[in-house]
Amino acid sequence: MMREYRTIEEVAGPLMLVRRVEGVKYDELGEIELPNGEVRRCRVLEVNGKNVLVQLFESAAGLNLSNSKVRFSGHGVELPVSPDMLGRVFNGMGEPIDGGAKLIPEKSFDINGTPINPAARYYPSEFIQTGVSSIDGLNTLVRGQKLPIFSGSGLPHANLAAQIARQAKVLGSNEKFAVVFAAIGITFEEADFFISDFRKTGALDRTVLFINLASDAAIERISTPRMALTAAEYLAFECNMHVLVILTDITNYAEALREVSAARKEVPGRRGYPGYLYTDLATLYERAGRKMGSDGSITMIPILTMPEDDKTHPIPDLTGYITEGQIILSRELYRKGYLPPVDVLPSLSRLKDKGIGDGKTREDHADTMNQLFSAYARGKEARELMVVLGEAALSPVDRLYAKFADAFEAEYINQGFYENRSIEDTLNLGWKLLSILPRSEMKRIKPKYLEKYWKASAEA
Amino acid sequence: MVEGKIRKVSGPLVVAEGMREANLFDVVHVGANRLIGEIIEMHGDRASIQVYEETSGLGRGDAVVSTGAPLSVELGPGLLTNIFDGIQRPLETMREKYGSNLIRGIDEKALDRDKKWHFVPAKQAGDEVHAGDIYGTVQENEVILHKIMVPPKKAGTIVDIAEGDYAVTGAVGHLKLADGTVEDITLMQKWPVRVARPYRQKLPPVDPMITGQRPIDALFPIAKGGTACVPGPFGSGKTVVQHQLAKWSDVDLVVYIGCGERGNEMTDVLREFPDLVDPKTGKSLMERTVLIANTSDMPVAAREASIYTGITIAEYFRDMGYSVAVIADSTSRWAEALREMSGRLEEMPGEEGYPAYLTSRLAQFYERAGKVVCLGEGDREGALSAIGAVSPQGGDISEPVTQATLRIVKVFWGLDSSLAYRRHFPAINWLTSYSLYRERLEGWFSEHVSKDWTTLTGRCLRVLQEESDLQEIVKLVGMDALSPDDRLKLDVAQSIREDFLQQNAFLDVDCYSSLEKQYAMLHLIFHFADEGMRAIGAGADVEDVCNLPVHESIGRAKTIPEKTFKEEFAEIEAQITSQIDHLIKNAKEEN
């Protein structure tokens, strides 16, 4: 028999203090029954003697201190899982909201997961072709990687994420593939964009959606990504599927975390975010990967909007320290009309080196990538100098570099959201653009590749 | 044994009552799962405990049992090539026994109790031994001879000792102490992690730790027994620099601590190192490596302990007379763990919420590095070099962890994101970085590499500094305003940056440069600089000098293998002279 308590002492913001409880455990899931019979969920944040501090997942409106009842479930927050989750829509707490039949769970998992033993991980090294040149060619995504998109308000990160979800494939394989999508505090329109895009392309049948909209309770957002990742872990490591997880928007998640931290009167770190934001984000992001004993994988693309496009803001900053690279969108390129507006220089994929090259993409990939990067960097510098001092101030070579930078943006980065380029096309395009420059500038390319590909590209 | 009951649970912090008899810093078992924790504060009979595992499911009244001993590591054969978590639990063994995720409450011994090691005594019955003396040796693997030492603070007479195959806890012999009691001599000893292991004397570091990384060895060298830090924003290549140091440093052993960083990075080390060959021994690099992995998703309190676990293991090998490098990635995560515990303890925060004792804790850690004369006979000299990565928020090095670290360490390799965007790796900023060992190591370099090593590397730094001044002018008034001399200087500086400082960690031929090759490369670049000046002096156009085809050969010098570089470099040098001569001849004809 579950005990009920009518000893709620205090409710402030998302927190509630319950007195004189017995046997309640840290991190336990609880239920609050309101006088009108409505039931809301909560979680134990602190046990202190006979008192427990509880965090609500929903709003406190209508809560009555003397007539509400609290019950504790004896276990943490769990998500029931089953292969039938594919194609279904859930709310931020893991309850179906698509009007479909109730899920018959096969298992139930604690949403916090458990850390993967680093000795049991496989190093991600399988190339994923996204069909986007600026990613495949320069910031290559591999299976089991966590690669966030750093965006700003008003930039088309949703289109890019949808394009990746639509086009991503591993060359020469026909394995089971699924998408887990978590909407964390985004608007209805944005969520609808993803859902209708998935529907249009027929991807919806292999997608699990967790939706917490801007109008839903902010505190629920702390659970939403964990729900999604628990579902992803089940599909990847129990059902051996290759799962792509899209989390949008992490900024909203961090803000919900700050709200709870502030309500607990914790000592804040930078910009009022709790000092444990890094650790907390890490427990989300680190759930991506591949591990021994399972053929599946979790590849994660978290999306976050940088406040004021500031990369040093704690949320993108700490994310960058945990994830294996970042794709940064540029407002300048977007204004020029180049889509997707990936700012390739500060973007980075840390795992690319082991996912490219002979047998994976092509032998010349690494060299041309480095050459394109340094050529574009120099071209941009030359272009800036040209603005200040005029074209005449540049050396002839720098003038070519400036021309290269323009062409690179217009042809390589710019491809639109519906063009799907093969890796061959991307690499050949790179060679074509490099041929704008004199051959003696190709310092980063091995002579044998220069021999093999330079001529071909010059003829083309 | 003291047993108490839980009163409060708040994240990794647990407060237990009835603990008056327990000692501070004792290890305790918490709850039914026997989670491992450590007492960090006592108030009356209430003990504040930091728990090294996830605490969900704990509640009031659960039992807390003290073990009566501080957090200690096991030291003995079996450490090498192994990977441990922050409190020295063996991760490979845990994977084999418990699956690929870390479940709670596992009490797995660090060293395998069943494995037998062949012990060869160096002493015999009747010998009198003191702390640090060597009982005998175990050939742990092809590379490392594990010396079994008399533990610190111990002395006596050997009763018996015999060669044979023993497990780490088996008695290889017996020792009679001064008070007459007889103890087993075992291959393993224990040591509390928060206490530095004793040595006889500390020495100033005078030998360089050669890393094979050109910007480090040539411009900002570190000494064996020295301390260094690598701060940099994300994406600037901290981890690659750390991995390179772990791979190529000319030390006997490396302890690599992954402290609150990515799981895949540890996996990378674990999978890659066994296949890499140590240029010094010709054997696998893994043979000399110990890994400590407490990744960011693993419990935060164990992260705090991980750097102490790592440095204690390193000290143990130092005591054998080895040169050891400790590489910690990243100390910022360690500081954050400290901050989190401090917050839960409701301490008054210092800067940015970090506890006031951050600096002193960091100083204690780095001060455990150094070159020492070890305890015991034979005046063995050991060295422990400590290199810590720092991850400043937003790349802003004015934050407390970086500043506290800079006050202690002697070498600063500042990584720069703007260099990283240009794919200039390693992205060590040559203007802000420094090494306080440069002068002290001068003697070694002039004796072992070349007399003018310091002159040449000093010239390198000066040219780079002049370049940055000249760049300011170019930005304002354009390239045309510069004198031919200065334009050549810019060209040489560019050559230093691109052809010397940039080093590709992923290219077999370039990832390690011997000091001889580094010297030859610099020599080549400055030979070009001097010859270029000669040409300009003789009336040649600076544009022509900068566009000489030999430039490309200098650019490819780094990809010339160690075996053949001497001949090929001589060839390039001859080309420089002949092409310059040609220029001068043409210039004279035109006039």
Side-chain angles (χ1 to χ4, degrees), chain A residues 23-28 46-50 76 112 114-124 266-270 275-276 278-279 282-283 286-287 289 291-294 311-314 317-318 320-322 324-326 345-346 348 351 353 366 370 373-374 377 388-389 393 395 440 443, chain B residues 6-10 54-61 83 91-92 94-95 99-103 233-235 258 260 262-264 266-268 270-271 293 295-298 300 333 336-337 339-340 343 349 352-353 391 393-396 417 421-423 475 478-480 498 506 549 552 555-556:
Chain A
V24 176
K25 309 292 188 192
Y26 173 68
D27 210 24
E28 196 173 329
E46 189 177 296
V47 179
N48 193 356
K50 287 190 170 183
N112 288 318
T114 45
I116 301 179
N117 185 335
R121 281 182 189 265
Y122 283 123
Y123 196 75
E266 290 172 334
V267 178
R270 279 208 172 181
Y276 49 81
Y278 175 85
T279 306
T283 57
E286 280 289 329
R287 289 169 81 171
K291 63 178 191 179
M292 291 179 185
S294 166
K311 201 170 63 125
T312 65
H313 184 280
D317 189 55
L318 296 178
Y321 275 123
I322 307 163
E324 284 135 353
Q326 67 276 342
L345 293 183
L348 170 74
L351 303 183
D353 298 292
N370 287 329
F373 267 126
S374 69
V388 183
L389 300 166
S395 68
S440 59
K443 282 190 186 174
Chain B
I6 291 183
R7 179 180 166 79
K8 176 180 172 179
V9 186
S10 168
E54 174 57 44
T55 51
S56 58
L58 291 179
R60 188 171 77 98
I83 176 166
L91 288 169
E92 285 281 9
M94 281 160 75
R95 175 179 64 77
S100 52
N101 285 55
L102 295 167
I103 49 174
F234 65 84
R262 303 176 184 90
N264 278 331
M266 295 315 292
T267 313
D268 188 22
L270 206 56
R271 307 273 174 265
T295 55
S296 55
D297 54 339
M298 283 156 78
V300 67
R333 305 301 162 224
E336 275 167 19
R339 173 167 71 181
E340 185 168 345
E352 286 194 25
S391 319
Q393 283 217 7
D396 167 17
S417 56
Y421 296 164
R422 295 210 297 261
R423 298 310 188 257
K475 273 193 198 123
M479 197 70 120
D480 294 334
E498 291 178 2
F506 301 100
E552 204 183 321
R556 295 200 187 279

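Convention: sequence-line order gives letters A, B, ...; per-chain numbering from 1. Quick caveat: nothing in here was measured; it's all calculated off a predicted structure.
Here A/Thr312 contributes atom OG1 and B/Asp396 contributes atom CG; the two are 8.0 Å apart, rounded to the nearest 0.5 Å. With rounding to the nearest 0.5 angstrom, the OG atom of B/Ser417 is 11.5 Å from the CG atom of A/Leu345. The distance from the CZ atom of A/Arg270 to the CD atom of B/Glu352 is 4.5 Å, given to the nearest 0.5 Å.
Using a 4.5 Å cut-off between heavy atoms, A/Ala377 touches chain B through its side chain atoms alone. Interface residue A/Val24: only backbone heavy atoms are found under 4.5 Å from chain B. Heavy atoms of A/Asn48 lying under 4.5 Å from chain B belong to its backbone as well as its side chain. Of the two parts of A/Lys291, only the side chain, counted from C-beta on, holds a non-hydrogen atom closer than 4.5 Å to a non-hydrogen atom of chain B. With a 4.5 Å cut-off on non-hydrogen atoms, B/Ser10 touches chain A through its backbone and its side chain both. For A/Glu324, the parts lying near chain B are the backbone and the side chain together; criterion is any non-hydrogen pair under 4.5 Å. Proximity to chain A involves both the backbone and the side chain of B/Arg7, based on heavy atoms less than 4.5 angstrom apart.
Contact count versus chain B (heavy atoms, under 4.5 Å) is highest, among A/Gly23, A/Pro124, A/Ser294, for A/Pro124. Comparing A/Asp317, A/Asp27, A/Ile322 by how many heavy-atom pairs each has under 4.5 Å with chain B, the most go to A/Asp317. Listed options A/Gly49, A/Ala282, A/Gly275 were ranked by heavy-atom pairs under 4.5 angstrom with chain B; first place goes to A/Gly49. Here B/Pro233 is the residue among B/Gly99, B/Ala293, B/Pro233 with the most heavy-atom pairs under 4.5 Å with chain A.
A cation-pi arrangement is present between B/Arg423 and A/Phe373 under the rule of less than 6.0 angstrom and at most 45 degrees off the ring axis.
A search for side chain to side chain donor-acceptor pair (under 3.5 Å) contacts involving B/Arg95 returns B/Glu92, not counting sequence neighbours. Judged as a side chain to side chain contact (heavy atoms under 4.5 Å, CB included), and not counting sequence neighbours, the contacts of A/Lys25 are A/Glu28, B/Asp62.
B/Thr267 contributes a side-chain N or O that, together with a main-chain N or O of A/Pro118, makes up a donor-acceptor pair within less than 3.5 Å. At distances below 3.5 Å, not a single donor-acceptor pair connects side-chain atoms of A/Tyr276 with backbone N or O atoms of B/Val300. Panel note: side chain A/Glu286, backbone B/Gly263; a donor-acceptor pair is recorded below 3.5 Å.
Side-chain atoms of A/Glu46 and B/Val9, non-hydrogen and from C-beta on, never get closer than 4.5 Å to each other. The side-chain heavy atoms of B/Leu102 and A/Thr114, taken from C-beta on, include no pair separated by under 4.5 Å. Taking the side chain as every heavy atom from C-beta outward, A/Tyr278 and B/Gln393 never approach each other to under 4.5 Å.
Between A/Leu348 and B/Gly235, the shortest heavy-atom distance links the atoms CD2-CA, 3.6 Å. When all heavy atoms of A/Pro115 and B/Met298 are compared, the pair lying nearest together is CB-CG, 4.0 Å. For the pair A/Ser374 and B/Arg422, the tightest heavy-atom approach, listed with the atom from each and the gap, is CB-O, 4.2 Å. For the pair A/Tyr123 and B/Asp268, the tightest heavy-atom approach, listed with the atom from each and the gap, is CE1-CB, 3.3 Å. Between B/Arg271 and A/Arg121, the shortest heavy-atom distance links the atoms NH2-O, 2.7 Å. Nearest heavy-atom pair across B/Asp297 and A/Ile116 is OD2-N, 3.7 Å.
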